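To start, the structure itself, in structure tokens.
As the structure is a prediction and not an experimental result, all values here were calculated from the model. Within every chain, numbering begins at 1; the chains are lettered A, B, ... in the order of the sequence lines, protein sequences first and strands thereafter.
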Amino acid sequence: MNDPQNATREVLWNIHHAWIMYALLVPTMAVCAWGFYRRIQLWRKGRAEVRFDRPAERVKLVLKYAVLQLRTWRRSYPGVFHAMIFWGFVTLFIATVVVLIDYDFGIPIMRGRFYLYFQSLFVDILGAAAIVGTLMAAFRRIVLRPKYLVYNTESKIILLAILAMLVTGFLIEGWRIAATDDPWGAWSPVGKVVANVSKPLMSHEALLISHRVGWWTHLALVFAFIAWAPFSKMAHVLNSSLNVYTGRLEPVGASLKKLDFEKDEKLGVSALADFTWKDLLDFDACTECGRCTAVCPANRVGKILSPRDIILDLQHRMRAPDADFAASYIGSTEALSPEAMWECTTCAACMQACPVLIEQMPKIVDTRRFLVMEDAEFPETMQQALNSLETRGHPMRGTSFNRVDWTQGLKISTMAEAKDAEVLLWVGCGGALVERNQNVVRSLAQLLEKAGVSFAILGREEKCTGDPARRIGNEFLFETLAQDNIATLDRYGVKKIVTSCPHCFNTLGNEYPQWGGKYEVYHHSEFLAKLVADGKLSGDMPSSQKVTFHDPCYLGRHNGIYDAPRQLVQIATGAAPIEMEQNRSNGFCCGGGGGMSFIDEPPNQRVNQERARQALETDADVVAVGCPFCMTMLEDGINARKGDRDVKVMDIAELLWQSVEEKTSGATS
Amino acid sequence: MSEVVCTLWGRAGLDRAAQGVLGAGRRLADSTGAALRAIIVGTADDALASGAQAVADRVVVATGPGLEDYNPESYLAALSDLCKAASATVVLLGNDTYAQEIAARLAHRLGGSAAGDAVAVHAEGGKVRVTRGVYGGKATAVIELEKSPAVVWVRARAIEPADAAGRGAGEVERVTPELPATGVKVLERQEESKGGARLEDAQVIVSGGRGLGGPEPFTELQKLADVMHAQMAASRAACDAGWVPASWQVGQTGKKVAPQLYLAIAISGASQHIMGIADSKVICAINRDADAPIFKHCTFGLVEDYQKVIGPLTERLRSAK
Amino acid sequence: MKIAVCLKQILDPEVPARDFKVDAAKREAEQGGANLVTNIFCENALETALQIRDAAGSGEIVALSVGPAGAEDVLRKALALRADQAVLVVNDADTNPDPLFVAKTLAAAIKKIGGVDVVMVGREAGDWGAGQTGGLLAEELAIPCISFAEGFEPGATPGTIKVKRQTDAGFEVIEAPTPLVLTITNHDKNVPRIPKTRDVMQSYRKPLEKWTLSDLGVDGSTSHAYSQVAELFIPKKETKCEFIEGDTVEAKIDALAKRIGDILRAM
């Protein structure tokens with residue numbers, strides 16, 4: 001009898017009229033299915049978008065982000081409790097399936113050691129973990145109350161319902177063990193505790209009745225929960241999984257959509273109907289976790305931009321019973337106001353933070369497109385930058401430099417002069433036309449020369465890649481610039497491009513292919529790191545300088561390059577950079593992306609000053625950057641905050657050149 | 001005998017501009033052997049009448065209904081008649097808005113040619129040549145006027161007045177021209193400081209930066225600006241610090257200015273700031289740091305602590321007026 | 001109300017000074033890599049006209065330019081901003097005709113357009129800056145001209161308008177009968193708007209009339225009968241900062257005051 005081989009329990013013990021359960025299951029599943037069907041119907045109102053291609057890669061996404069939930073772990077406290085609840089419920093679901101197979105299909109698997117180790121012990125422990133997780137969640141919601149959460153009744157009800165399901169589950173398990181004197185009861189430790197507590201207090205009769213009532217209560221709770229799920233944020237179990245499956249496979253830097261100027265009736269997005277079905281799914285996939293807004297640099301410095309509220313406000317708009325898909329949402333709430341849209345630096349911290357791969361930033365750019373191209377209403381200084389872009393091919397209005405001034409004193413050929421050059425050095429407007437950055441491109445050019453790279457520049461033939469135009473929302477202007485540049489690049493048969501501007505790097509590498517411009521594009525950090533690795537450059541002068549490195553958003557988050565610039569710092573100074581409190585994929589924007597370097601932010605709401613604060617906190621002597629816009633923004637921020645300290649902002653190319661030069665002069669003297 | 005005519009406004013009196021116009025006229029008349037006639041439109045005070053008399057060979061004061069205050073149609077009609085009567089070969093005007101408004105029309109009515117904003121006027125081979133800045137001051141052109149008379153408005157305040165040892169007393173003739181009826185009526189004339197003038201349009205700008213260390217020194221700068229008839233501006237750092245309104249900010253994210261003179265006080269000259277001022281004709285900086293990048297963009301500058309400079313500079317400019 | 005706005009295409013005034021070169025023989029600026037743009041005061045004039053049409057809820061705006069075939073660009077931009085009609089008088093022969101020739105050509109075009117109540121021109125152009133087109137045009141059309149105008153509103157009696165214009169001392173409000181010429185200056189309310197992209201795309205499909213000088217009966221050979229450029233050169237500009245020297249602070253301030261005073265007087 002007590003042979004573990006025979007261990008099992010009686011399914012539906014003490015339960016009469018179990019058919020009612022089966023009868024209830026049908027409407028429950030029907031309501032649930034109907035709920036999801038309604039959701040799907042909403043998404044189908046969106047425009048077409050291809051998101052079911054490349055299934056193998058998509059399954060990988062699901063494994064990473066829906067099953068392992070790698071993004072959720074980026075915050076440890078919610079990461080832990082979410083995992084406890086998630087794996088608890090996954091386990092309980094499997095246990096239920098085991099019962100189903102065993103009892104309903106008559107395949108005796110709920111037996112013996114499997115019954116003891118998994119069905120009893122493991123399930124009990126995971127169930128207990130789910131209770132702890134739920135209590136942790138409740139503690140956060142009720143006591144810790146972080147700013148980024150949404151506080152509503154629904155969230156509380158969900159936690160209460162989960163807790164009630166778990167607790168009733170353990171109660172009926174305990175009462176069953178107590179009433180049947182289950183010899184295997186000890187394998188269900190939580191149930192056994194309930195049994196041991198109940199037994200002296202309750203008669204056998206009371207145990208039976210309590211068990212029966214408890215069982216039906218538990219069933220009712222579970223069924224009600226299942227039926228209600230698609231109407232609450234619990235829908236995320238399916239919505240978010242689907243959202244992850246249909247997530248973006250390209251780097252963040254390639255997330256903006258191409259428009260069709262011939263066919264599109266409306267340029268940009270101002271109403272729900274203008275979004276694609278994937279955008280609409282994004283709204284529904286939101287779990288209100290608030291991570292996006294918590295990491296948003298604009299929000300952090302006190303601006304009104306809140307990616308979470310953009311998504312949720314659109315979600316509410318979409319789900320409203322009388323939802324008008326054709327009406328403009330712009331300005332309907334604070335989060336959806338034009339002011340908020342003009343605060344985004346397109347740093348993509350929100351997208352990187354979202355556990356379920358919602359794409360907030362492209363929706364902001366979509367809205368900007370409407371404001372710029374259909375309404376022609378946007379901040380005046382951005383208009384001036386775009387005007388300059390249109391008439392002069394660069395956004396640096398008022399610059400007193402031309403595109404080749406920085407080459408003075410260096411022997412640098414243009415592509416027109418050196419048609420056989422292997423590499424094109426794409427200088428960028430930020431490099432050529434802003435005095436401070438000219439030294440960066442000079443350093444880079446000298447490094448390339450030293451390493452014996454055959455390179456040339458486009459010189460006056462280079463135009464802005466169009467990045468600022470695109471992020472500000474003038475897709476038309478962007479396309480014009482892209483086509484012009486591609487024509488120039490193709491005329492010279494350019495194959496390999498290196499640039500010190502991550503914005504150019506991103507646009508050339510991730511966006512031009514859509515217009516037929518396909519090149520091998522390198523950020524100078526990668527390219528220089530490779531030259532060092534190949535032994536063509538060496539620095540490695542031990543330096544007493546303490547260096548920290550600021551990750552440019554368009555290099556890091558948009559393109560996943562974090563190591564190359566750090567290697568260069570290591571090579572140039574002999575030590576790895578000191579990390580700021582926010583670094584790599586969690587890096588904090590300089591405030592200059594998305595056309596924001598052409599806007600004057602209110603003095604008390606400067607993104608660059610917050611980043612400067614973080615940089616200064618490392619006590620570094622040099623803040624290393626890898627982007628001309630970061631250079632400008634951080635120099636400005638550091639100068640405003642450094643006080644009497646001597647802190648410099650330098651590009652990694654300048655650091656490396658300094659070190660290479662020192663080594664050379666050290667060797668010759 | 002040919003005549004050079006200087007056109008002066010009675011209302012304006014013998015200001016620096018009037019002296020400049022008379023100076024230019026006197027020298028031009030002398031170089032071409034012409035007589036100089038001053039035509040004063042509107043009631044002239046004694047200073048103006050006698051000042052003109054001291055320089056010109058003949059002074060005509062035109063007064064009467066319709067000429068008390070400026071009206072483009074009346075002034076134009078009167079001047080046209082008076083210049084015809086003078087058989088003028090050259091008509092000179094100042095470069096105030098009224099003169100600029102009617103000069104070309106006057107030339108048209110006289111069958112002549114006009115050119116303006118002149119820094120120099122010469123007669124050469126029977127034709128008048130006018131030197132003036134073009135392309136926003138990036139180039140200088142000499143314009144030859146093909147028709148006679150040459151009607152030229154000059155940068156009067158920049159032109160040397162005539163030698164004090166003038167010819168003595170020219171005749172003064174008072175006339176009351178008959179004016180055609182006009183539907184153009186000045187309803188309102190507000191003489192006020194250009195509150196609405198945009199910093200972008202300012203001709204002279206006094207600008208302060210982070211080096212001022214606080215809002216207080218801007219009071220001193222304001223006094224200097226008042227003396228210079230300048231608009232106030234500031235660098236981003238000064239605006240950010242809340243020392244002055246954000247609307248004063250000049251630079252990449254602020255206003256882009258193109259004054260004749262940009263006086264940068266305690267501004268280091270970050271490239272974002274330079275972008276806002278690169279089109280200035282003359283940039284002058286006062287900064288105690290000789291290595292401040294601003295000096296790379298200056299025509300002239302003073303390496304000195306601004307605190308020692310502003311007060312005395314204001315006084316000197318005031319007394320020089 | 002029918003408003004004709006005259007637009008001039010000029011060399012981008014924001015060409016960095018070090019890139020600016022002149023062709024002394026042709027007595028013109030070299031275009032180099034720079035673009036041609038609409039003169040800013042002309043843009044202000046168009047903006048003013050658009051605002052007046054917006055406020056009135058009706059009216060017709062005719063954009064008019066004289067210049068080489070490439071000047072079509074400025075008219076396309078005007079059409080993108082929803083000017084109702086665009087006319088280019090093509091003058092390929094002379095890239096810098098004198099002000100009277102331009103005025104005569106514009107006057108002939110305006111007569112041909114017909115029914116124009118207000119002609120708007122920019123106060124001056126960012127290239128040659130002669131500042132004469134408005135006045136000469138008024139004389140050619142024998143109508144009044146008010147310069148440095150910010151804009152206008154309907155006058156007290158029909159057939160008149162009330163013009164607000166800037167003066168050295170402040171501003172004036174002038175009542176004048178139409179038709180007339182206004183030269184428009186910039187102020188904080190007539191910063192040019194930017195076109196909607198859709199309008200930019202459509203501007204290329206809108207009709208644009210092209211007239212030749214002979215269509216208008218203008219004699220092209222008279223384009224320098226009024227004035228011509230005898231010389232054009234780039235004045236030597238001090239590229240290095242001249243540091244004011246002096247034995248004492250007082251002496252330095254004296255020297256500084258003199259330099260500043262000279263510039264102020266020269267204006």
Side-chain angles (χ1 to χ4, degrees), chain B residues 16 72-73 96-97 100-101 104-105 108-109 113-117 129 134-136 138-147 155 157-158 183-192 194 196 198 201 203-204 228 260-261 282 284 295-296 298-304 308-309 312-313 316-317 320, chain C residues 13 17 20 22 29 99 126-132 135-136 138-139 144-148 160 162 166-177 186-188 224-235 238 241-244 249 252-254 256-257 259-261 263-267:
Chain B
R16 180 65 184 77
E73 301 301 317
D96 54 283
T97 47
Q100 289 185 50
E101 180 170 53
R105 299 180 71 189
H108 195 279
R109 291 195 183 185
S113 298
D117 227 14
R129 289 187 161 202
V134 292
Y135 290 102
K138 291 196 191 95
T140 303
V142 178
I143 309 288
E144 184 178 85
L145 298 180
E146 303 301 320
K147 296 183 175 186
R155 289 203 169 186
R157 288 173 199 276
V184 176
K185 294 184 186 74
V186 179
L187 301 180
E188 195 185 337
R189 180 168 278 134
Q190 289 281 339
E191 309 224 338
E192 57 176 32
K194 288 190 175 177
R198 308 198 319 155
D201 304 331
Q203 292 294 294
V204 185
M228 294 170 68
Q260 297 292 315
L261 173 63
V282 174
C284 169
F295 285 120
K296 281 195 276 183
C298 283
T299 309
F300 60 95
L302 177 59
V303 181
E304 194 59 71
K308 294 184 196 155
V309 178
L313 179 64
R316 280 174 180 69
L317 288 172
Chain C
F20 182 84
V22 298
D127 51 1
W128 292 94
Q132 298 191 47
L136 294 174
E139 290 301 306
C145 173
I146 297 170
S147 297
F148 310 109
T160 66
K162 252 166 59 178
Q166 296 175 5
T167 64
D168 293 323
F171 67 88
E172 292 171 353
V173 178
I174 301 177
E175 188 178 71
N186 59 337
H187 60 109
D188 54 1
H224 292 290
Y226 180 80
S227 64
Q228 54 185 318
V229 181
E231 281 176 58
L232 179 67
F233 58 92
I234 296 176
E238 293 297 324
C241 174
E242 176 199 329
F243 285 103
I244 286 174
V249 178
K252 287 185 197 172
I253 296 172
D254 281 339
L256 180 68
R259 289 294 299 263
I260 291 175
I263 294 170
L264 296 178
R265 270 189 299 281
M267 284 164 41

> Rounded to the nearest 0.5 Å, how far does NZ of C/K162 lie from CD of B/E188?
Replying inline: 8.0 Å
> At a heavy-atom separation under 4.5 Å, does B/E73 approach chain C through its side chain, its backbone, both, or neither?
Replying inline: side chain
> Between C/L232, C/I244, C/D127, which shows the greatest number of heavy-atom pairs under 4.5 Å with chain B?
Replying inline: C/D127
> Which heavy-atom pair separates C/S227 from B/L145 by the least distance, and what is that distance?
Replying inline: CB-CD2, 3.8 Å
>> Keeping C/Y226 on the side-chain end and B/A114 on the backbone end, is there a donor-acceptor pair under 3.5 Å?
In response: yes
> What residue in B/V303, B/V204, B/T140, B/D96 has the most heavy-atom pairs under 4.5 Å with chain C?
Replying inline: B/T140
> For B/E304, is it the side chain, the backbone, both or neither that has a heavy atom under 4.5 Å from a heavy atom of chain C?
Replying inline: side chain
> Checking heavy atoms, do the side chain of B/D117, its backbone, both or neither come under 4.5 Å from chain C?
Replying inline: neither
>> Looking only at heavy atoms and a cut-off of under 4.5 Å, which of C/G131, C/P13, C/P99, C/A29 has the most pairs with chain B?
In response: C/A29
>> Ignoring hydrogens, what is the shortest heavy-atom contact between B/P72 and C/C145? Give both atom names and the distance.
In response: CB-O, 4.4 Å
>> Please report the interatomic distance CZ(B/R105) to CG(C/L136), rounded to the nearest 0.5 Å.
In response: 10.0 Å
>> Working to the nearest 0.5 angstrom, can you tell me the gap between C/I263 CD1 and B/L261 CG?
In response: 5.0 Å
>> To the nearest 0.5 Å, what is the distance between CD on C/E172 and OG1 on B/T97?
In response: 7.0 Å
>> Quick check on C/F20 against chain B: is it the side chain, the backbone, both or neither that has a heavy atom closer than 4.5 Å?
In response: side chain
> Are B/T299 and C/C241 close enough that some pair of their side-chain heavy atoms sits under 4.5 Å apart?
Replying inline: no
> Where on B/R189 is there a heavy atom nearer than 4.5 Å to chain C: the side chain, the backbone, both, or neither?
Replying inline: both
>> Quick check: closest heavy atoms across B/A104 and C/Q132, and the distance to 0.1 Å?
In response: CB-OE1, 3.7 Å
> Distance from B/R16 atom CZ to C/L264 atom CG, nearest 0.5 Å?
Replying inline: 12.0 Å
>> Using side-chain heavy atoms (C-beta onward) and a distance below 4.5 Å, is B/I143 in contact with C/V229?
In response: yes
> Can you tell which of B/R109, B/K147, B/K138 has the highest number of heavy-atom pairs within less than 4.5 Å of chain C?
Replying inline: B/K138
>> So does C/S147 get a backbone contact from the side chain of B/E101, meaning a donor-acceptor N/O pair under 3.5 Å?
In response: yes
> Considering all heavy atoms of both residues, which atom of B/C284 and which atom of C/L256 are nearest to each other, and what is their separation?
Replying inline: SG-CD1, 3.8 Å
> Atom CG of B/L313 and atom CD1 of C/I253: how far apart are they, to the nearest 0.5 Å?
Replying inline: 7.0 Å
